[in-house]
Amino acid sequence: MRVIAELPHPECKISIFAMNQKYIVKFEQGTFEQSYKLAELDLSGGGVNDVFEILDEEFIASVVDRFKIMRTDFTLAYKRHQF
(Lines give C-alpha, C1' and ligand atoms only; values in the text may rest on other atoms or scores of the structure.)
Protein backbone atom coordinates (compact mmCIF):
# COMPACT_ATOMS: atom_id res chain seq x y z
CA MET A 1 0.00 0.00 0.00
CA ARG A 2 1.44 3.35 -0.96
CA VAL A 3 0.39 6.91 -0.27
CA ILE A 4 -0.51 8.69 -3.49
CA ALA A 5 -1.95 11.91 -2.07
CA GLU A 6 -2.62 13.86 1.08
CA LEU A 7 -5.27 16.54 1.28
CA PRO A 8 -4.82 19.38 3.72
CA HIS A 9 -7.76 19.93 6.04
CA PRO A 10 -7.88 21.83 9.35
CA GLU A 11 -9.96 19.23 11.22
CA CYS A 12 -8.46 15.92 10.14
CA LYS A 13 -5.66 14.31 8.20
CA ILE A 14 -6.75 12.91 4.83
CA SER A 15 -4.57 10.37 3.04
CA ILE A 16 -5.25 8.48 -0.19
CA PHE A 17 -3.57 5.13 -0.74
CA ALA A 18 -3.42 2.82 -3.77
CA MET A 19 -3.45 -0.95 -3.35
CA ASN A 20 -4.68 -3.87 -5.47
CA GLN A 21 -6.75 -1.79 -7.92
CA LYS A 22 -8.37 0.08 -5.04
CA TYR A 23 -8.09 3.50 -3.56
CA ILE A 24 -8.28 3.71 0.20
CA VAL A 25 -9.20 7.08 1.66
CA LYS A 26 -8.19 7.38 5.31
CA PHE A 27 -9.31 10.16 7.62
CA GLU A 28 -7.53 10.57 10.95
CA GLN A 29 -8.37 12.74 13.92
CA GLY A 30 -6.36 12.07 17.06
CA THR A 31 -6.66 8.39 17.96
CA PHE A 32 -9.65 7.79 15.68
CA GLU A 33 -9.68 6.92 11.99
CA GLN A 34 -12.17 6.16 9.25
CA SER A 35 -11.37 4.38 5.99
CA TYR A 36 -13.28 4.17 2.74
CA LYS A 37 -12.37 1.84 -0.13
CA LEU A 38 -13.11 2.52 -3.78
CA ALA A 39 -12.45 0.08 -6.59
CA GLU A 40 -10.69 1.70 -9.55
CA LEU A 41 -13.26 0.03 -11.81
CA ASP A 42 -16.09 1.88 -10.05
CA LEU A 43 -14.62 5.23 -11.07
CA SER A 44 -14.75 6.89 -14.49
CA GLY A 45 -11.08 6.35 -15.33
CA GLY A 46 -9.74 9.68 -14.14
CA GLY A 47 -7.59 8.05 -11.49
CA VAL A 48 -7.10 9.79 -8.19
CA ASN A 49 -8.82 12.92 -9.56
CA ASP A 50 -12.10 10.97 -9.43
CA VAL A 51 -11.48 10.36 -5.74
CA PHE A 52 -10.86 14.08 -5.18
CA GLU A 53 -14.28 14.84 -6.69
CA ILE A 54 -16.00 12.49 -4.24
CA LEU A 55 -14.27 14.13 -1.29
CA ASP A 56 -16.31 17.31 -1.38
CA GLU A 57 -16.88 19.56 1.64
CA GLU A 58 -20.29 18.03 2.38
CA PHE A 59 -18.78 14.54 2.64
CA ILE A 60 -15.82 15.73 4.72
CA ALA A 61 -18.19 17.57 7.08
CA SER A 62 -20.11 14.33 7.66
CA VAL A 63 -16.83 12.51 8.35
CA VAL A 64 -15.88 15.16 10.93
CA ASP A 65 -19.33 14.85 12.54
CA ARG A 66 -18.86 11.07 12.68
CA PHE A 67 -15.57 11.59 14.54
CA LYS A 68 -17.51 13.49 17.21
CA ILE A 69 -19.95 10.59 17.53
CA MET A 70 -17.09 8.09 17.68
CA ARG A 71 -15.38 10.08 20.44
CA THR A 72 -18.61 10.31 22.45
CA ASP A 73 -19.31 6.58 22.08
CA PHE A 74 -15.78 5.64 23.10
CA THR A 75 -15.74 8.01 26.07
CA LEU A 76 -19.02 6.60 27.37
CA ALA A 77 -17.77 3.01 26.96
CA TYR A 78 -14.51 3.88 28.71
CA LYS A 79 -16.33 5.52 31.64
CA ARG A 80 -18.59 2.47 32.06
CA HIS A 81 -15.54 0.32 32.71
CA GLN A 82 -13.37 2.81 34.65
CA PHE A 83 -9.90 1.41 33.94
Side-chain angles (χ1 to χ4, degrees):
M1 183 162 65
R2 62 186 173 90
V3 177
I4 58 171
E6 289 187 358
L7 299 174
H9 196 275
E11 297 191 65
C12 60
K13 179 180 178 183
I14 304 170
S15 304
I16 302 173
F17 300 87
M19 184 179 78
N20 299 333
Q21 291 82 42
K22 288 186 180 135
Y23 292 110
I24 301 166
V25 181
K26 184 163 98 169
F27 295 85
E28 297 175 77
Q29 189 182 69
T31 59
F32 298 100
E33 65 180 48
Q34 300 176 51
S35 298
Y36 299 86
K37 296 179 184 178
L38 299 159
E40 287 180 11
L41 295 174
D42 291 340
L43 302 172
S44 65
V48 72
N49 290 328
D50 290 342
V51 178
F52 292 147
E53 286 185 33
I54 294 169
L55 303 179
D56 60 13
E57 281 304 314
E58 183 178 347
F59 177 71
I60 293 172
S62 70
V63 168
V64 170
D65 287 342
R66 198 166 294 112
F67 276 126
K68 293 173 187 170
I69 294 166
M70 291 170 68
R71 183 168 283 103
T72 298
D73 291 345
F74 184 78
T75 300
L76 291 172
Y78 186 85
K79 286 180 180 179
R80 282 194 302 271
H81 297 283
Q82 294 297 313
F83 289 104

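What you are looking at is a predicted structure, and each value in this text was computed from that prediction instead of being measured.
Residues Val51 and Phe17 fall into different hydrophobic clusters, defined by Ile, Leu, Val, Met, Phe, Trp and Tyr side chains chained together at heavy-atom separations under 4.5 Å. Val64 and Phe52 end up in the same hydrophobic cluster when Ile, Leu, Val, Met, Phe, Trp and Tyr side chains are linked at under 4.5 Å.
For Phe59 and Tyr36, the distance between ring centers is under 6.0 angstrom.
Of the possible donor and acceptor atoms, none in the side chain of Gln21 sits under 3.5 Å from a partner among the backbone N and O of Ala39.
Here the CD atom belonging to Glu28 is positioned 5.5 Å from the OG atom belonging to Ser15, to the nearest 0.5 angstrom. Put simply, CZ on Phe67 and CD on Gln34 are 4.5 Å apart, with the number rounded to the nearest 0.5 Å. Of the inter-residue distances, the one linking Phe27 atom CZ with Ser35 atom OG reads 9.5 Å to the nearest 0.5 angstrom.
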Begin from the C-alpha positions of Lys37 and Tyr23 and carry the test side chain to side chain contact (heavy atoms under 4.5 Å, CB included) through to its verdict. CA-CA 6 Å; Lys37 296 179 184 178; Tyr23 292 110; over 6 Å; no
Please report the C-alpha distance between Leu38 and Ile24 in whole Å, then the side-chain angles of each, then the deciding distance to 0.1 Å, and finally whether the side chain to side chain contact (heavy atoms under 4.5 Å, CB included) criterion is met. CA-CA 6 Å; Leu38 299 159; Ile24 301 166; over 6 Å; no
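Contact annotation: the side chain of Lys13 never approaches that of Gln29 to less than 4.5 Å [non-hydrogen atoms, C-beta and beyond]. Glu40 is not listed as a side-chain neighbour of Lys22, based on a closest heavy-atom distance of 4.5 Å or more. Counting heavy atoms from C-beta outward, Leu55 and Ile16 have side chains that approach closer than 4.5 Å. Contact annotation: the side chain of Ile54 never approaches that of Val25 to less than 4.5 Å [non-hydrogen atoms, C-beta and beyond]. Thr31 places none of its side-chain heavy atoms less than 4.5 Å from the side chain of Phe74.
Between Phe32 and Arg71, the closest heavy-atom pair is CD1-NH2, 3.5 Å. In this structure, Glu6 and Pro8 approach most closely via the heavy-atom pair O-CD, 3.8 Å. When all heavy atoms are compared, the tightest approach of Asp50 to Gly45 is OD2-N, 3.2 Å. Of all heavy-atom pairs spanning Met70 and Glu33, the tightest one is CE-O, 3.7 Å.
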